[in-house]
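Written out below as C-alpha cells is the structure these notes cover.
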Amino acid sequence: MPRPVLDRLPRYAAGKPPAAVEGLASYKLSSNENPLPPIPAVVDAIARQTDFNRYPDPLSSRLRTVLAEFLGVPAEDIVTGAGSLGALNQILAAFAGQNEDGKPDEVIYAWRSFEAYPISVGLAGAESVRVPVTADGRHDLDAMAAAVSARTKVILLCTPNNPTGPALKAAETEAFIRSVPADVVVVIDEAYQEFVRAGDAVDGITLYRKYPNVVVLRTFSKAHGLAGLRVGYSVSQPGLTQYLRVAATPFAVSQIAEKAAIVSLQNHAQVVERVQRLVDERERVTAGLRSIGWDVPDAQGNFVWLALGAESAGFAELAGAQALSVRAFPGEGVRVSIGEVEANSRFLRLCADYTKASATS
Ligand SMILES: *Cc1c(COP(=O)(O)O)cnc(C)c1O
C-alpha cells in the first residue's frame with residue numbers, strides 16, 4: 001500500500017498544450033516556457049554528442065566550474081539537480097521530513113505559489129504551512145515570520161512569485177532572514193531571476209554570501225530555454241552544501257543537459273538579448289492590460305496574473321477557443337505566459353473583447 005500522504009497530495013497539473021482551432025496558429029502560454037528554441041550554439045553542441053553509453057559526471061564538475069566563474073562563487077557551493085525542482089527536492093530530503101519523534105517537520109511557504117511545493121514537501125514527509133499572499137500577490141513576510149514554530153525547518157521564498165508575479169525586495173528579504181532563527185533553512189527560488197527589472201529586487205546570491213542558512217535555487221529552464229533538458233542548481237555555503245551532496249540524486253544531470261547549460265552560459269549575451277525581448281513583451285502586455293482597466297500585479301517573471309476569481313475557468317475556455325492555452329487556477333486566477341508576439345497580441349485582444357462583453361452583459 002502507498003504511504004497515506006499520497007492521498008492528500010494535490011496532483012501536479014502541467015500546462016496543457018493548446019487546442020487546434022481552424023484557421024488559427026496555436027500557442028502554449030500555460031507553462032512559463034521560453035517560446036524561443038535554445039540558442040543555435042547549444043543545439044549544435046548537443047547534436048554532436050555521442051557518449052551516452054557512459055553515465056554522466058555525478059558532480060557536473062565542468063558545469064559547476066563555468067557557473068562558479070559566472071556567479072563569482074566557489075564551485076564547491078553549487079549543487080546541480082534535475083531542474084531546480086530536483087535541486088529543491090534534494091534540499092527537502094536533507095532538511096525536512098518526519099522528525100525522530102515521529103512528527104512532521106514544518107515547511108513554510110507563501111500561497112498561492114509554485115504548485116510543486118505542496119507535492120515536494122508532502123513527499124518529503126514534512127507538513128506544509130501556507131501563508132496567503134497579499135491582495136497584490138506579494139509574500140506577506142511578517143505573517144510568514146509569525147508562522148515560524150519550533151518545528152519549522154525550511155522556509156521557501158519564491159521570487160518572482162509564480163503565479164502572481166511580484167519579486168521580493170532586497171531590504172524586506174534581508175530583514176526577514178535576520179528575523180527567523182538561524183537554524184531554519186531559507187530557500188530563495190529564483191527560477192525567473194533573469195527577467196527581473198525592479199531596481200529594489202532581492203538578489204539571492206548577495207544574501208547567500210552573508211547568511212549561512214540561505215540556499216538559492218536557479219534554473220536553465222526559463223531564461224535559457226532548456227526546460228526539456230532538466231538542469232538547475234542550488235548555491236549555499238559549505239555548512240549546508242555538505243548535506244545537499246549526500247541527498248543529491250546520483251547522475252541527475254545528463255551529459256546533454258550539462259553540455260547545453262555550459263554552452264548557453266558561454267553565449268550569455270545571446271541569452272540576455274532574448275530575455276530582453278520577452279521582458280519588452282511583458283511590459284507591452286501589462287501596459288496593454290492596465291490601459292483597458294485590468295488590475296494586474298507587478299509582473300517580474302515571464303508571465304502575468306489575472307485575478308479573475310470565479311471567472312478563471314471560463315476565461316481559460318475563451319482563451320482555448322482562440323487557440324491559446326493558459327493556466328487557470330479555478331476560483332483564484334489565470335496565469336498567462338509571455339509567448340510569441342502574435343500570441344501576446346491575440347491574448348490582449350481577447351482581454352479587450354472580454355472587457356467589452358462584461359460591460360454590456
Ligand atoms: C519553473 C519553476 C521552477 C523550475 O523548474 P525546473 O525544475 O528548473 O524546470 C522552479 N521554481 C519555480 C517557482 C518555477 O516556476
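For the single chain, residues carry numbers from 1 onward in sequence order. Note that ligands are numbered from 1 as they come in the structure, with each ligand's atoms numbered from 1 the same way.
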Test your reading of the structure: does Ala191 have an N or O sitting under 3.5 Å from an N or O of ligand 1? no
Donor-acceptor side-chain pairing of Asn162 and Arg335 below 3.5 angstrom: yes
Near Thr219 (heavy-atom distance under 4.0 Å), the atoms of ligand 1 are 6 (P), 8 (O)
Is there a donor in the side chain of Arg284 and an acceptor in the side chain of Ser345, or the other way round, less than 3.5 Å apart? yes
Closer than 4.0 angstrom, basic N to acidic O: yes or no for Arg327 and Glu115? yes
Any non-hydrogen side-chain atom of Gln276 less than 4.5 Å from a side-chain atom of Val272? no
For Gly83, atoms of ligand 1 separated by under 4.0 Å from a heavy atom: 6 (P), 7 (O), 8 (O)
Output the list of atoms in ligand 1 that are nearer than 4.0 Å to some heavy atom of Arg230, sorted by atom number. 6 (P), 7 (O), 9 (O)
Classify the contact between Tyr192 and ligand 1 as side chain, backbone, both or neither, using a heavy-atom distance cut-off of under 4.0 Å. side chain
Under 3.5 Å, N or O to N or O, is Asn32 touching ligand 1 that way? no
No-hydrogen, no-angle side-chain donor-acceptor test under 3.5 Å, Ser234 and Gln90: no
Kindly state whether the ring of Trp111 and the ring of Tyr109 have centres lying under 6.0 angstrom apart. yes
Does some non-hydrogen atom of Asp189 fall short of 4.0 Å from ligand 1? yes
Against heavy atoms of Lys222, which atoms of ligand 1 measure under 4.0 Å? 1 (C), 2 (C), 3 (C), 4 (C), 14 (C), 15 (O)
Of all the non-hydrogen atoms in the protein, which one sits nearest to atom 5 (O) of ligand 1, and at what distance? Ser84 OG, 3.6 Å
Which is it for Cys158 and ligand 1 at heavy atoms under 4.0 Å: side chain, backbone, both or neither? side chain
What part of Asn162, side chain, backbone, both or neither, has a heavy atom within less than 4.0 angstrom of ligand 1? side chain
Is there a donor-acceptor contact under 3.5 Å linking the side chains of Asn89 and Ser120? yes
Are the aromatic ring centres of Phe303 and Tyr192 under 6.0 angstrom apart? yes
Gly232 touching ligand 1 at heavy-atom level, < 4.0 angstrom: no
May I ask you to identify the nearest protein heavy atom to atom 9 (O) of ligand 1, giving residue, atom name and distance to one decimal place in Å? Ser221 OG, 2.6 Å
Between Thr241 and Asp77, is there a side-chain donor-acceptor contact under 3.5 Å, judged purely by atom types and distance? no
